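Take a look at the structure below.
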Amino acid sequence: MPRVFVPPSLRDLTDGLAEVDVEGGTVVAVIEALDARFPGAAGRLRQGDSLKPGLAVVVDGEASAMGLLQKVGPEAEVHFLPAIGGG
Amino acid sequence: MATADLRSTEKPAYKVIGTRPVRHDGVDKVTGRAQYGADVRLTGMLHAAMLRSPYAHATVKNIDTSKAEAVPGVRAVVTSADLPDHGDRMVELGEGAVNMRHLATNVLAGDKVLYKGHAVAAVAADDVHTAREAVKLIEVEYELLEPVLDVRQAMEPTAPVLNDDVRTQSVGGADPGDDAKPTNVAKHILFEKGNAAEAFETAHLVVEREFHTATVHQGYIEPHNATAVWNADGKVTVYTSTQGSFTVRQQTAELLRIPVSDVKVVPMEIGGGFGGKISVYLQPVAVLLSRKSGRPVKLVMDRADVFEATGPTPGSYIRVKLGVSEEGKLVAGDAYLAYEAGAYPGSPVGPGCMCIFSCYDFPTARVEGFDVCVNKPRTNAYRAPGSTNACFAVDTVMDELAAKLGIDPAEFRLMNAAEEGTRRVDGPVYNRIGMVETVEAIKQSEHYNSPLEGPNRGRGIATGFWFNAGLNSSVSATVNLDGTVSLVEGSTDIGGTRTSIAMQFAETLGITAEAVKPAVVDTDSVGYTDVTGGSRVTFATGIAAVEAAKDVMAQLVERAALVWGCSADDVTYSDGAAHGPNGENLHFDEIAERLNTTGGPVIGSGTCSGVNQSGAFGTHCVDVEVDPDTGKVQILRYTVAQDAGTAIHPDYVEGQMQGGAVQGIGWALNEEYWYDGEGSMRNATFLDYRIPTCYDVPMIETIIVEVPDPNHPYGVRGVGEVPICPPPAAIANAVHQAVGVRMQQLPMSPPRVLAEILKK
């Protein structure tokens with residue numbers, strides 16, 4: 001099952017849990033599963049068909065340009081981090 | 001210059017990669033024939049000038065342009081009223097989502113000006129002198145507001161608030177809602193790994209220090225420029241100096257609410273960018289003026305405009321606390337970072353938070369960051385944005401810990417180094433990285449092991465990290481009958497990337513670098529390509545070039561099979577030639593010569609998307625001498641060791657290492673925006689804003705470390721950004737060894753160093 005590393009600011013919804021295992025083969029499915037277990041989580045992470053502005057998703061150490069559509073393996077790590085740009 | 005052999009595997013026998021061919025654009029550059037934005041001249045072209053705010057913070061009550069419009073020779077005047085209203089629209093612009101209202105009002109101020117130099121109106125006239133005189137006749141009624149220039153003052157609840165639509169957002173946090181009180185604190189970031197507070201209780205030694213860094217500019221030599229033509233058919237062409245023609249196209253189209261396909265951006269040669277030439281400033285204004293006047297319009301900044309109105313990198317306040325065991329292993333880290341965003345949200349505090357502990361393996365840590373609006377120009381990217389500030393803080397404390405523990409500073413870093421498999425404080429786990437190898441390279445270097453004699457002299461080291469980006473790139477290649485290839489790309493060439501891309505294409509196809517003719521073309525002539533930024537071009541556009549070469553190779557194999565009357569499955573291609581099943585060979589030149597009789601043109605294409613880099617590390621070593629009477633710091637010797645993955649063209653790798661280090665030296669010792677109490681920058685010229693010259697720095701020695709990135713076919717890692725990170729910390733550590741004072745504020749200018757010496 002993919003493991004979501006919960007951002008500290010989201011842990012008020014996860015009873016303080018820093019890591020949560022949820023079902024899902026894509027980032028959007030993982031977010032929906034997270035939301036089913038911790039209502040309100042989806043609204044913190046996505047906006048319509050996209051991640052919330054300024055947010056990036058990192059799956060198994062790789063920042064994804066696919067966002068919500070990124071595939072997630074059964075043993076994957078999923079992180080939600082600030083989006084960054086280079087100079 | 002040296003290349004350290006620290007690979008875990010044997011280096012392949014490349015024929016082109018690792019050589020140093022003459023750059024393809026070299027003759028144009030050294031003869032002055034290369035065309036820059038300021039060189040653009042079009043028939044009927046007007047010249048424009050900008051009216052900028054004399055105040056750092058004010059409400060704009062009224063703008064009267066009538067007197068300017070009445071000046072003979074004036075053809076158009078524009079203000080923010082000519083821009084569409086963008087509401088709360090957020091648009092994805094390649095390297096992140098952008099608030100269009102903020103972008104629009106930065107281009108032309110709306111009902112408020114938020115920094116001195118903020119653009120208010122523009123005039124296009126028959127000549128630039130008329131435009132400048134007419135600008136003076138524009139009457140603006142301002143209502144002055146109190147400015148706030150210091151990041152921590154701006155965070156106070158009583159501070160004047162710049163933007164009434166800014167509330168504090170956090171990653172994964174609850175939406176503050178429109179009812180929340182407007183604030184200057186636009187973003188709050190928090191990372192936690194384990195329980196740092198508990199771990200500090202177990203530490204043998206804890207050091208906590210505060211750091212301040214000044215606002216500094218990228219300092220590119222070529223000012224911003226744009227020439228725009230709004231054609232009678234509604235199609236727009238923009239000639240400009242930019243790091244990303246496609247992002248200029250999208251920003252311009254989104255700002256003016258016109259179809260992106262109606263805008264063509266022609267990237268001119270670029271005289272430096274370093275992150276500062278990604279956002280648009282002049283381009284939409286030139287387009288508006290052209291639409292109003294019906295003529296081409298050229299708009300060019302002067303140096304003061306560049307300093308006062310284009311993205312510097314933020315000043316910051318950082319607090320770092322580190323705890324170590326008796327044996328010298330890190331047990332906990334805690335960091336607090338507050339970065340100035342400038343007038344609108346968007347400082348690089350996010351990457352600052354992600355970089356601050358990135359070089360080391362922390363079992364526990366807590367990092368908290370704040371993005372804070374102040375009455376300065378909106379900050380923009382600058383080489384490894386956010387990382388240099390953070391590196392200065394953490395690597396100064398690392399040095400202090402090493403000294404207190406009596407451990408060699410390089411050894412202390414190695415004892416705590418991040419490596420493949422280390423979990424970062426922000427969560428993800430490292431792929432193959434070369435942190436250890438760069439420290440080892442310095443530790444083993446002749447420089448580090450040489451004696452440093454004489455009074456008031458000291459040696460310091462520091463290590464920095466930057467992520468490097470992947471993003472999107474496109475390349476197409478046409479085989480010519482004479483055995484050359486025309487290679488078309490969309491990546492603006494800032495550091496010799498035409499050649500580094502051509503070399504990867506040549507290596508793949510088995511031809512010479514000189515047989516490839518690279519060209520950077522406009523947005524109508526190549527596939528979408530993201531910015532030349534994030535140290536990504538040699539990596540990502542290189543991958544696209546490799547894919548294009550493979551595409552060409554497959555077609556050449558088919559042509560050879562046709563000649564030999566066999567199946568393409570029976571033909572192989574290597575060393576620049578196709579090889580048939582019966583020992584036949586056709587060299588690339590021979591196949592090219594016969595293209596028109598074997599099926600016509602061969603055109604290959606390649607793209608790169610969704611491939612990430614594994615990160616870059618650099619360790620620097622510096623010797624300084626401090627004048628105890630004046631506080632002046634002289635750089636005596638400087639060595640950069642950096643992981644380049646695989647150095648495609650070592651000259652350009654070394655050039656980036658040297659250039660980044662020199663910019664970091666300037667940041668460390670001299671550069672800062674000097675503001676008066678009203679928020680007016682008082683040193684907006686290169687005479688008073690001191691970037692280093694060749695008189696200030698010795699030859700920067702380089703050690704190229706090669707730990708191949710597994711995500712690139714040749715192992716490339718970007719090299720453009722990380723060399724700016726270590727210099728301030730390395731120099732501060734050297735100053736401490738020289739005169740016994742810990743510098744915790746940048747720049748370490750003579751008065752500041754002297755003040756610390758006198759405190760002793």
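Please read these numbers as outputs of a predicted model, since none were measured by experiment. First the proteins, then the strands, lettered A, B, ... as listed; each starts at 1.
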Check your understanding: At a heavy-atom separation under 4.5 Å, does B/Arg423 approach chain A through its side chain, its backbone, both, or neither?
Key -> side chain
Check your understanding: Among residues 58-66 of chain A, which ones touch chain B with a heavy-atom distance under 4.5 Å?
Key -> A/Val58, A/Gly61, A/Glu62, A/Ala63
Study note, to complete from the structure: Looking only at B/Gly427, B/Gly350, B/Cys353, the option with the highest number of non-hydrogen pairs under 4.5 Å against chain A is B/Gly427
Review point. For atom CZ of B/Arg167, is the number of surrounding heavy atoms from other residues, nucleotides or ligands below 6.0 Å larger than 12?
Key: yes
Check your understanding: Side chain, backbone, both or neither: which part of B/Asn431 has an atom under 4.5 Å from a heavy atom of chain A?
Key -> side chain
Study note, to complete from the structure: So, the part of B/Pro351 with a heavy atom under 4.5 Å from chain A: the answer is both
Check your understanding: Which region of B/Leu190, side chain (C-beta onward) or backbone (N, CA, C, O), has a non-hydrogen atom less than 4.5 Å from a non-hydrogen atom of chain A, or is it both or neither?
Key -> both
Check your understanding: chain A: which of B/Met90, B/His188, B/Glu192 shares the most heavy-atom pairs with it under 4.5 Å?
Key -> B/Glu192
Point to revise | Per-residue contacts, residues 7-24 of chain A versus chain B, heavy atoms under 4.5 Å | key: A/Pro7, A/Pro8, A/Ser9, A/Leu10, A/Arg11
Review point. Would you say the side chain of B/Met354 lies within less than 4.5 Å of the side chain of A/Pro82, judging by non-hydrogen atoms?
Key: yes
**Study point:** Heavy-atom side-chain proximity of A/Leu55 to B/Val171 below 4.5 angstrom
**Key:** yes
Point to revise | Contact leader toward chain A among B/Ser170, B/Gly718, B/Gly173, B/Pro348, where contacts are heavy-atom pairs under 4.5 Å | key: B/Gly173
Revision key, fill the gap. So, the part of B/Phe191 with a heavy atom under 4.5 Å from chain A: the answer is both
Exercise for review: Heavy-atom distances under 4.5 Å only: say whether B/Asn711 touches chain A with side chain, backbone, both or neither.
Suggested key: side chain
Practice item. Any ring-ring contact (aromatic ring centres under 6.0 Å, His included) involving residues 39-70 of chain A? Give me the pairs, sequence neighbours left out, ordered by first then second residue. Key: none
Exercise for review: May I have all residue pairs that pass ring-ring contact (aromatic ring centres under 6.0 Å, His included) and include part of residues 54-80 of chain A, sequence neighbours excluded?
Suggested key: A/Phe5-A/His79
